[in-house]
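Proteins get letters first, then strands, A, B, ... in listed order; numbering begins at 1 in each. Note that the coordinates shown come from a computational prediction; the quantities given were computed from them, not determined experimentally.
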Protein chains: 2
Amino acid sequence: MPTLAFFCRGSRIIVQMRASVPITVDGLKSACSQCNLVELCLPFGMSNAELCRLDELVGARRKVKRQNNLYRAGDPFEAIYAIRAGSFKTDVLLEDGREQVTGFQMTGEILGLDGISTEAHTCNSVALEDSEVCVIAYDKLEQMSHEVEGLQLQFHKVMSREIVRDHGVMMLLGSMRAEERLAAFLLNMSQRFTARGFSPSEFNLRMTREEIGSYLGLKLETVSRAFSRFQEDGLISVQQKHVQLLDPAGLKRLIQHQHGAR
Amino acid sequence: MPTLAFFCRGSRIIVQMRASVPITVDGLKSACSQCNLVELCLPFGMSNAELCRLDELVGARRKVKRQNNLYRAGDPFEAIYAIRAGSFKTDVLLEDGREQVTGFQMTGEILGLDGISTEAHTCNSVALEDSEVCVIAYDKLEQMSHEVEGLQLQFHKVMSREIVRDHGVMMLLGSMRAEERLAAFLLNMSQRFTARGFSPSEFNLRMTREEIGSYLGLKLETVSRAFSRFQEDGLISVQQKHVQLLDPAGLKRLIQHQHGAR
DNA sequence: TTTGTTGGTTGACGTGGGTCAACGGGCGTA
DNA sequence: TACGCCCGTTGACCCACGTCAACCAACAAA
């Protein structure tokens with residue numbers, strides 16, 4: 001067995017190992033105190049002391065291959081997940097097969113909150129690329145929330161943020177036109193890439209046109225046409241999944257002044 | 001000052017008073033342990049002992065007249081609210097004036113959860129009729145969640161339920177046709193009225209066609225036409241805000257088999 | 001290299017629901 | 001009891017987006 005010694009924030013991570021078998025990252029315990037996603041994730045705003053307590057909470061990491069499910073609707077709810085690497089989509093399915101993508105998640109974001117209410121997951125979570133998550137056992141989270149001051153507040157904020165995000169999507173679906181929806185989507189992606197230290201104006205989408213369409217309540221052809229239209233108008237440059245925002249302000253304007261919207 | 005003596009669940013409520021001034025309900029402290037909405041509201045599933053602790057948490061009640069705001073987008077977040085009587089809508093506004101109704105709330109449901117994330121409300125909450133809410137100071141809730149076992153779990157479930165509900169609305173807005181949306185809306189209302197001890201098949205809507213339309217991502221004319229269509233087809237009987245579900249199974253069928261939906 | 005498969009683009013056409021407009025009934029106010 | 005306003009209904013028309021179909025590019029497997 002390897003000997004692992006973690007030290008908290010401020011000092012460097014030191015991992016000493018005397019391993020007779022190769023170490024798989026799978027079995028490695030995650031350490032929030034050492035994670036560079038701290039600013040984006042559950043631990044945001046917590047003190048160093050609290051962060052070290054968090055290290056106890058976060059269990060093993062789990063890898064999820066592209067197209068595989070992290071969980072499925074109906075699975076018993078046991079843990080929530082923090083995305084350490086990669087990205088996911090969540091969707092709900094109707095009996096007749098219709099799919100609605102309810103969100104796309106990136107590093108540092110939390111998955112599985114929907115499961116708390118009924119103690120079973122109510123949507124499917126699928127990796128859009130080979131990804132890795134930190135597993136946070138829910139009963140431990142409940143327990144530790146009683147003890148660690150900042151954890152409870154942060155967790156509430158994460159849930160509340162999800163509710164606010166959902167309201168934004170409702171706005172999008174309920175009262176915007178196709179091109180407005182796509183513009184809002186692109187700006188949102190840009191903003192989230194920026195928060196992760198990537199370029200605000202150039203990125204690779206991880207999802208297909210069909211998935212974007214499902215999320216935005218549009219058919220994939222409409223999404224494709226809107227992309228082309230934006231390119232013609234010099235707002236963006238697209239090539240397959242690679243997108244460059246040439247005129248973010250123009251995209252914003254598109255959303256604000258409805259051109260005779262519903 | 002009136003002398004008030006409350007006893008916990010199981011015994012009857014006793015209120016002794018020697019009042020020189022008329023008692024206004026406004027000033028009265030709410031007692032969860034005495035409230036008949038316990039099964040629907042935050043305290044659901046908590047023990048009697050825990051319920052009595054909750055009585056400390058829930059502050060004064062507040063009356064909100066029809067069309068008045070309980071809170072507005074931008075207001076500093078200080079409390080969440082449990083609806084004791086009446087009903088509300090929540091909506092978000094775009095700069096250009098477009099409105100999206102994000103939900104309708106009934107007795108026992110919790111308002112204001114959106115405010116936790118940014119410490120300011122992000123939507124408007126408007127009473128659809130003269131209503132009354134219990135004010136639950138958020139800092140006190142945080143505090144008491146550390147102490148009362150069941151409260152934290154229940155609160156998390158309430159938030160999670162809101163997220164699940166929002167996903168349902170996304171499904172509705174993103175992949176259902178006008179008549180399916182209205183059918184889903186009516187069945188949802190029926191189910192919630194039932195949970196409150198009212199008839200599953202006959203009720204009065206509190207919101208206008210325009211508000212329903214905004215919620216469902218439709219124009220009021222479309223809502224009106226769908227109502228008329230359902231009536232022609234013998235599914236419901238409508239007269240203004242009074243609705244009777246004549247064939248709930250038929251409404252369900254409408255949702256499941258899409259008639260060439262998007 | 002070829003071939004198959006999946007994802008994306010584009011065109012032609014159809015339609016669900018938005019728009020505009022007229023009208024009528026319920027309800028609150030005087 | 002009458003007035004006025006909001007709310008709801010209905011019809012005629014139109015357009016944004018869905019549908020159907022052809023085609024092409026990227027990428028993986030052979």
Side-chain angles (χ1 to χ4, degrees), chain A residues 65-67 89 98-101 126 128-130 172-183 185-186 204-233 236-243 254 258-262, chain B residues 65-67 89 98-101 126 128-130 172-183 185-186 204-233 236-243 254 258-262:
Chain A
K65 283 226 154 290
R66 183 177 138 82
Q67 302 283 30
K89 70 167 177 182
R98 277 180 283 183
E99 179 198 29
Q100 174 69 33
V101 171
V126 183
L128 294 175
E129 59 194 308
D130 293 357
L172 203 125
L173 293 171
S175 43
M176 284 186 175
R177 316 179 68 262
E179 293 188 1
E180 294 178 306
R181 295 184 201 188
L182 187 64
F185 170 75
L186 289 173
N204 280 296
L205 298 172
R206 294 286 137 82
M207 65 294 284
T208 67
R209 298 289 187 265
E210 185 165 22
E211 287 164 333
I212 297 174
S214 171
Y215 179 63
L216 298 179
L218 302 168
K219 292 277 113 174
L220 66 94
E221 295 93 330
T222 307
V223 173
S224 181
R225 276 187 251 269
F227 268 120
S228 302
R229 183 84 205 288
F230 287 172
Q231 181 152 255
E232 279 167 38
D233 297 354
I236 66 171
S237 153
V238 228
Q239 217 167 357
Q240 305 292 121
K241 294 193 155 63
H242 185 81
V243 177
L254 231 165
Q258 83 260 47
H259 303 266
R262 64 174 69 176
Chain B
K65 283 226 153 291
R66 182 177 136 82
Q67 303 283 30
K89 70 168 176 180
R98 276 180 284 181
E99 179 198 29
Q100 173 70 32
V101 171
V126 183
L128 294 175
E129 59 194 308
D130 292 358
L172 203 128
L173 292 171
S175 44
M176 285 186 176
R177 317 181 64 264
E179 292 187 0
E180 295 178 304
R181 296 185 200 187
L182 188 64
F185 170 74
L186 289 173
N204 281 296
L205 298 172
R206 293 287 136 80
M207 65 295 283
T208 67
R209 298 290 187 264
E210 185 166 21
E211 286 164 334
I212 296 173
S214 171
Y215 180 62
L216 299 179
L218 302 168
K219 292 277 115 173
L220 65 94
E221 294 93 330
T222 306
V223 174
S224 183
R225 276 187 252 269
F227 269 120
S228 303
R229 184 82 204 289
F230 286 173
Q231 181 151 257
E232 279 168 40
D233 296 353
I236 66 170
S237 153
V238 227
Q239 219 168 355
Q240 305 292 122
K241 294 194 155 62
H242 185 81
V243 178
L254 232 167
Q258 83 260 47
H259 303 265
R262 68 170 71 176

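- Summarising the geometry, the separation between CZ on B:Phe227 and C1' on C:dG17 is reported as 17 Å, rounded to the nearest angstrom.
- The side chain of A:Thr208 lies closest to C:dG8 when the candidates are C:dT10, D:dG18, C:dG8.
- Nucleotide D:dA25 holds its C1' atom 12 Å from the NZ atom of A:Lys241, rounded to whole Å.
- Distance from the side chain of A:Arg177 is smallest to D:dA16 among C:dT9, D:dA16, D:dG8.
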message = Checking B:Glu129 against B:Arg206 for the salt bridge (Lys or Arg N to Asp or Glu O under 4.0 Å) test, could you report, in this order, the C-alpha distance in whole Å, the side-chain angles of both residues, the deciding distance, and whether it holds?
response = CA-CA 7 Å; B:Glu129 59 194 308; B:Arg206 293 287 136 80; 2.9 Å; yes
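- The phosphate of D:dA16 has neither OP1 nor OP2 within less than 4.0 Å of any side-chain N or O from A:Thr222.
- Whole-Å rounding puts the A:Gln240 CD to C:dT5 P distance at 19 Å.
- DNA chain D is contacted by both A:Glu179 and B:Val223; B:Val223 maps to the nucleotide lying nearer its 5′ end (nearest heavy atom per residue).
- In terms of polar N and O atoms assigned as donor or acceptor, the side chain of A:Glu221 never comes within less than 3.5 Å of the base of D:dC17 in a complementary pairing.
- Helical stems of DNA chain D (runs of at least 3 Watson-Crick or G-U pairs, donor-acceptor distances under 3.5 Å) are listed by first residue: C:1-30 with D:1-30.
- Going from atom CZ of B:Arg209 over to atom C1' of C:dG26 covers 13 Å, rounded to whole Å.
- Listed for the A:Ser214 side chain is a donor-acceptor partner under 3.5 Å among the backbone atoms of A:Glu99.
- A 6.0 Å sphere centred on CD of A:Glu221 holds more than 12 heavy atoms belonging to other residues, nucleotides or ligands.
- Proximity of a side-chain donor or acceptor of B:Arg181 to a complementary backbone N or O of B:Leu173 within less than 3.5 Å is detected.
- Contact check for B:Arg98 versus A:Met176: side-chain heavy atoms found under the 4.5 Å cut-off.
- Remark: C1' of D:dC23 and CZ of A:Arg225 are 14 Å apart, rounded to the nearest angstrom.
- Summarising the geometry, the separation between CD on B:Glu211 and P on D:dC7 is reported as 8 Å, rounded to the nearest angstrom.
- Side-chain atoms of A:Arg229 never come within 3.5 Å of backbone atoms of A:Glu179 as a donor-acceptor pair (strictly under, hydrogens ignored).
- Between B:Ser224 and the phosphate of D:dT10, there is no side-chain N or O to OP1/OP2 separation shorter than 4.0 Å.
- Put simply, CD on A:Glu180 is 12 Å from P on D:dA16, counting in whole angstrom units.
- A side-chain donor-acceptor contact under 3.5 Å links B:Arg209 to the backbone of B:Gln240.
- D:dC15 atom P lies 17 Å from atom NZ of B:Lys219, rounded to whole Å.
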